[in-house]
Amino acid sequence: MTAAAARRTALAAQGFADPRPSGPPTRRHLQRVLDRVQLLQLDSVNVAVRAHYMPLFARLGGYDQSLVDDAAWAPTARRPRLLVEYWAHEASLIPVADWPLFRWRMARYESRYARHITRIAQKSPGLVDDVLATVKELGPIGAGTLEAALGGAVPRAKGGWWNRSDVKHVCEWLFAVGQLTTGTRRGFQRLYDLAERVLPPEVLAAPPVSDEESARQLTLRAAAAHGIATEKDLRDYYRLEPARSHQAVAELVDAGLLEPVSVSGWRHQAYRHADARTPRKITGRALLCPFDPLIWERDRTERLFDFHYRIEIYVPEPKRVHGYYVFPFLLDGELVARVDVKADRAAGILRVPGAFLEPGQDGSRVSAELAAELRVMADWLGLDIVQVGGRGDLVPALGTAL
């Protein structure tokens, strides 16, 4: 397979060969995107928009963010919960039905951090039971409110676990082992609730899935989301252990669900999902946040698009090359530019401090398309103006286009 065909296969798998809705996106459109990407990564950075909202915008255009909120944190009888929080790629929203596939990870966390919980239990006897009882009585509830309900802040642990309070440690451990999950969120604050009150009974009562079968199912989901990928790509999507991932890939190849292929320019063996399609061309445009599943594995991004990309949030400002929170710009199947984006909600401005054209691209064409997509994004975020700063070779043309 040529590198260009592999790129089109990957883009189609991620939903970029599908046209955007002609009308307001609905829950059906949300489900279609979820069927493609499998999960949405959560991240606390809110300089432009929370990470879990942006992949939907990249694929659907402007949509009502309550579609995601309702699916994850505000279900009703008519619109049941579609998503639940757990550790998947990183902290993620996963389909409710996938919860049993992570029992192996819950068991790993239970044993890995047992000594930490034992140490806390020795210092604060009964705390784990008290946390569970209080969440049962008052949940959904935040960790700070939970501390107050338990009689004030518990003395902080010295070192380890980021020096959080013992109550917070216990909450995070109970979340990791699957006894607590996020019932809802207030702003971006997680409010804990019992998993048995959040998840449907049929999911909680689902028969046990072996570790090996979980790895196969998660690898197959990763393959569907990738279209074509190396074993390491597949492993990274759900952060599987290498040995378990290698075994799962081999078994899926034997079952005919993955097809080994060679991709021109790729150093490692690639695997194509049996149902993956390779369109003749990809059209359309999209702004991709740093945590979009198309690009979150940076080596794969470089392999697919010849696009070296690193997030610079933690780089001191004078040393940043492109900016604080940079969005690659996808146009007709290529990453053609990158823009530093900030939502100034108080001023009603979508600020673009920097804009940079990729080598060999047509600046006038790219700037016109990028300007149009930035206006769509500003409208989606309820901002009135798009304002370009002074950094980057694309700034003059983008300013003119805007």
Side-chain angles (χ1 to χ4, degrees), residues 6 9-10 13-14 34-42 82-114 173 175-179 181 195 199-200 202-261 263 266-276 291 293-300 303-304:
T9 304
Q14 281 282 310
L34 294 175
D35 289 343
R36 298 283 195 197
V37 303
Q38 306 295 328
L39 58 87
L40 299 171
Q41 185 174 336
L42 294 162
L82 295 178
L83 297 164
V84 65
E85 292 185 34
Y86 193 61
W87 295 105
H89 179 74
E90 292 286 344
S92 303
L93 290 168
I94 61 170
V96 166
D98 285 358
W99 180 267
L101 299 180
F102 292 90
R103 295 284 186 194
W104 63 273
R105 179 162 285 162
M106 296 172 192
R108 297 284 197 285
Y109 280 132
E110 188 163 11
S111 75
R112 182 181 300 170
Y113 297 115
W173 182 75
F175 179 93
V177 303
Q179 292 192 55
T181 187
L199 293 158
E202 63 270 19
V203 171
L204 292 168
V209 183
S210 70
D211 290 4
E212 293 76 16
E213 180 61 21
S214 293
R216 282 191 292 272
Q217 290 297 323
L218 292 173
T219 301
L220 195 59
R221 283 161 171 72
H226 281 93
I228 188 167
T230 66
E231 178 276 326
K232 187 173 180 292
D233 295 336
L234 297 174
R235 183 202 321 166
D236 177 74
Y237 213 71
Y238 290 100
R239 300 294 167 84
L240 300 180
E241 298 164 347
R244 189 58 52 78
S245 172
H246 282 287
Q247 179 183 343
V249 168
E251 291 169 351
L252 291 169
V253 169
D254 289 343
L257 298 173
L258 292 183
E259 177 187 9
V261 296
V263 179
W266 289 26
R267 292 175 50 237
H268 299 291
Q269 175 71 64
Y271 299 90
R272 177 183 173 275
H273 190 281
D275 296 330
F291 304 103
L294 178 66
I295 59 168
W296 66 32
E297 216 298 304
R298 309 307 189 202
D299 289 343
R300 175 178 168 81
R303 197 184 328 128
L304 280 172

**Request:** With sequence neighbours left out, write down each residue that passes side chain to side chain contact (heavy atoms under 4.5 Å, CB included) with L257, or none if nothing qualifies.
**Result:** L220, L252, A255
**All side chain to side chain contact (heavy atoms under 4.5 Å, CB included) counterparts of R112, not counting sequence neighbours** = Y109
**Item:** From R239 atom CZ to R105 atom CZ, the distance as rounded to the nearest 0.5 Å
**Value:** 9.0 Å
**Asked** From L304 CG over to D299 CG, what is the distance, rounded to the nearest 0.5 angstrom?
**Response** 11.0 Å
**Prompt:** Looking only at heavy atoms, what is the nearest atom pair of A13 and G227, with distance?
**Reply:** CB-N, 3.4 Å
**Fill in**
Output for pair (L34 CG, I94 CD1), nearest 0.5 Å, gives 11.5 Å
**Fill in**
By side chain to side chain contact (heavy atoms under 4.5 Å, CB included), A270 pairs with (sequence neighbours left out) I228, V261, V263, W266
**Complete:** Residues passing the side chain to side chain contact (heavy atoms under 4.5 Å, CB included) test with S214, sequence neighbours excluded, are L101, W104, V209
**Prompt:** Would you say the side chain of L258 lies within less than 4.5 Å of the side chain of R272, judging by non-hydrogen atoms?
**Reply:** no
**Message:** I need the minimum non-hydrogen distance between A88 and L39, along with the two atoms involved.
**Reply:** CB-CD2, 4.0 Å
**Prompt:** When you look at Q269 and T230, which way does the side-chain contact (heavy atoms from CB on, under 4.5 Å) test go after all the steps?
**Reply:** CA-CA 6 Å; Q269 175 71 64; T230 66; over 6 Å; no
**Message:** Checking Y237 now: which residues fulfil ring pair (Phe, Tyr, Trp, His ring centres under 6.0 Å) with it, not counting sequence neighbours?
**Reply:** H226, W296
**Request:** Mind checking the NE2-OG1 spacing from H246 to T219? Nearest 0.5 Å is all I need.
**Result:** 11.0 Å
**Asked** Salt bridge between R235 and E297, side-chain N to carboxylate O under 4.0 Å?
**Response** no
**Fill in**
Heavy-atom closest pair (A195 atom, W99 atom, distance to 0.1 Å) is CB-CZ2, 4.3 Å
**Prompt:** Between the main-chain N or O of H89 and the side-chain N or O of Q41, is there a donor-acceptor pair closer than 3.5 Å?
**Reply:** no
**Message:** Strictly below 4.0 Å, N to O, side chains only: are D233 and R303 in salt-bridge contact?
**Reply:** yes
**Prompt:** Is D211 salt-bridged to R103, going by a charged N under 4.0 Å from an acidic O?
**Reply:** no
**Request:** Look up atom OG in S210 and atom CD in Q217, then write down how far apart they are to the nearest 0.5 Å.
**Result:** 9.5 Å
**Asked** Is there side-chain contact between Y86 and F175, with heavy atoms separated by less than 4.5 Å?
**Response** yes
**Asked** Which atom names give the shortest non-hydrogen contact between A10 and R300, and what distance separates them?
**Response** CB-NH2, 3.5 Å
**Message:** According to salt bridge (Lys or Arg N to Asp or Glu O under 4.0 Å), who are the partners of E85, at least two apart in sequence or on a separate chain?
**Reply:** R185, R190
**Request:** Decide yes or no for E212 and R244: does some side-chain heavy atom of the first lie under 4.5 Å from some side-chain heavy atom of the second?
**Result:** yes
**Prompt:** With a 4.5 Å limit on heavy-atom distance, are the side chains of V249 and L234 in contact?
**Reply:** yes
**Message:** With a 3.5 Å distance limit and no angle check, can you tell me whether Q38 reaches the backbone of D35 through a side-chain donor-acceptor pair?
**Reply:** yes
**Request:** Compare all side-chain heavy atoms of D98 with those of R221 and state whether any distance is below 4.5 angstrom.
**Result:** yes
**Prompt:** Are L83 and V96 close enough that some pair of their side-chain heavy atoms sits under 4.5 Å apart?
**Reply:** no
**Prompt:** Which atom pair, heavy atoms only, marks the closest approach of L218 to F102?
**Reply:** CD2-CZ, 3.8 Å
**Prompt:** So S245 and E231, side chain to side chain donor-acceptor pair (under 3.5 Å) or not? Walk me through it.
**Reply:** CA-CA 7 Å; S245 172; E231 178 276 326; 2.6 Å; yes
**Fill in**
Output for pair (S92 OG, F291 CZ), nearest 0.5 Å, gives 11.0 Å
